[in-house]
Amino acid sequence: MSDRAKTITVSIPDDMCAPLDYVCGLQEVTPSELALELLSDHLESERQKRWSEIFAYGQQRARELGIRPEDVERLVEEYRAEVRASQQ
């Protein structure tokens, strides 16, 4: 993690304060450390979800276009050759 950090304030309902303190005590972390861990886990989960959606879209488009896995390397190389040719 970066040495730089931004302080934010988060409000929680009164009835969550005691359970939060209890969990932090059990895990020997501060509320900030727990929040950072949970936020990091959530952001990683969202990142993985987004990549899954991107891969699913790519697989769907490949099926629609009749592109098989063994075609991908050739198609990428053909595309790169076209780009190189257009830059000359």
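Here the structure is a predicted model, which is why all the values come from computation and not from measurement.
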>> Please tell me whether Val29 and Ile12 are part of a single hydrophobic cluster in this structure, the criterion being side-chain heavy atoms less than 4.5 Å apart.
In response: yes

> Shared ILVMFWY cluster between Leu36 and Ile8, side chains joined below 4.5 angstrom?
Replying inline: no

>> Running the 4.5 Å side-chain criterion over Ile, Leu, Val, Met, Phe, Trp and Tyr, what cluster does Leu39 land in, apart from itself?
In response: Leu43

>> Which Ile, Leu, Val, Met, Phe, Trp or Tyr residues join Ile67 in one cluster when any pair of side-chain heavy atoms under 4.5 Å counts as a link?
In response: Leu65, Val72, Leu75, Val76

Test side chain to side chain contact (heavy atoms under 4.5 Å, CB included) applied to [X] - qualifying residues, sequence neighbours left out:
| X | result |
| --- | --- |
| Glu28 | none |
| Pro13 | Asp15, Met16 |
| Ile54 | Arg50, Trp51 |
| Asp21 | none |

>> For a quick test of reading the model, state the closest non-hydrogen atom pair linking Cys24 to Leu34 and the distance between them.
In response: SG-CD2, 3.9 Å

> With sequence neighbours left out, which residue pairs that include part of residues 73-82 fulfil the side-chain hydrogen bond (donor to acceptor under 3.5 Å, both in side chains) condition?
Replying inline: Arg74-Glu78, Glu77-Arg84

> side-chain hydrogen bond (donor to acceptor under 3.5 Å, both in side chains): which pairs involve residues 35-45, sequence neighbours left out?
Replying inline: Glu44-Arg47, Glu44-Gln48

